[in-house]
Amino acid sequence: MAEARESLLRYYAFAPELAAQALRAMATTAKEIRETVAAYLDLGAHEVMLSCWSDDIEQIDRLADLLA
């Protein structure tokens, strides 16, 4: 998780307040991910894109499993 936070801070280095907002909004647990996806679906979204910060390819399967 530390690597994901560092990456996000580097990406938003031009706007520290945006970086802080992005960090607060980052879903990091199965429950948070499910709730976030459900909230977008409730708003009428047909697609939700998730970014996986891990280089462990099995993370994709874990995301698929928790959203199935």
Side-chain angles (χ1 to χ4, degrees):
M1 179 144 22
E3 184 180 340
R5 291 180 190 282
E6 290 172 20
S7 229
L8 200 61
L9 288 172
R10 274 195 310 275
Y11 183 81
Y12 287 112
F14 65 93
E17 64 284 345
L18 189 56
Q21 180 182 351
L23 285 174
R24 285 191 303 274
M26 192 166 64
T28 60
T29 67
K31 182 180 182 218
E32 290 172 341
I33 293 167
R34 281 190 201 104
E35 289 173 350
T36 300
V37 170
Y40 278 104
L41 295 177
D42 288 346
L43 290 171
H46 296 277
E47 295 179 1
V48 177
M49 294 173 54
L50 304 171
S51 294
C52 182
W53 294 91
S54 174
D55 58 1
D56 178 1
I57 195 74
E58 291 179 11
Q59 288 290 343
I60 295 169
D61 292 330
R62 289 185 191 112
L63 281 172
D65 289 344
L66 73 91
L67 294 172

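Worth saying up front: this structure is predicted, and the values here are computed from it rather than measured.
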- Query: Can you list every pair that meets salt bridge (charged side-chain N to carboxylate O under 4.0 Å, His left out) and has a residue in residues 1-29, with sequence neighbours left out?
  - Reply: none
Could you go through residues 41-52 and list every donor-acceptor pair under 3.5 Å that involves a side-chain atom there, pairing it with any protein atom two or more places apart or in another chain?
none

What donor-acceptor contacts under 3.5 angstrom involve side-chain atoms of residues 27-39, with partners at least two apart or in another chain?
{"unit_1": "T28", "atom_1": "OG1", "unit_2": "E32", "atom_2": "OE1", "d": "3.2"}
{"unit_1": "T29", "atom_1": "OG1", "unit_2": "E32", "atom_2": "N", "d": "3.1"}
{"unit_1": "E32", "atom_1": "OE1", "unit_2": "T28", "atom_2": "N", "d": "2.7"}
{"unit_1": "E32", "atom_1": "OE1", "unit_2": "T29", "atom_2": "N", "d": "3.2"}
{"unit_1": "R34", "atom_1": "NE", "unit_2": "L66", "atom_2": "O", "d": "3.0"}
{"unit_1": "T36", "atom_1": "OG1", "unit_2": "E32", "atom_2": "O", "d": "2.8"}

- Quick one: name the residues clustered hydrophobically with I57, using the 4.5 Å side-chain heavy-atom rule over I, L, V, M, F, W, Y, and just say none if it's on its own. I60
- Query: Listed by chain and number, what are the side-chain hydrogen bond (donor to acceptor under 3.5 Å, both in side chains) partners of D56, not counting sequence neighbours?
  - Reply: R62
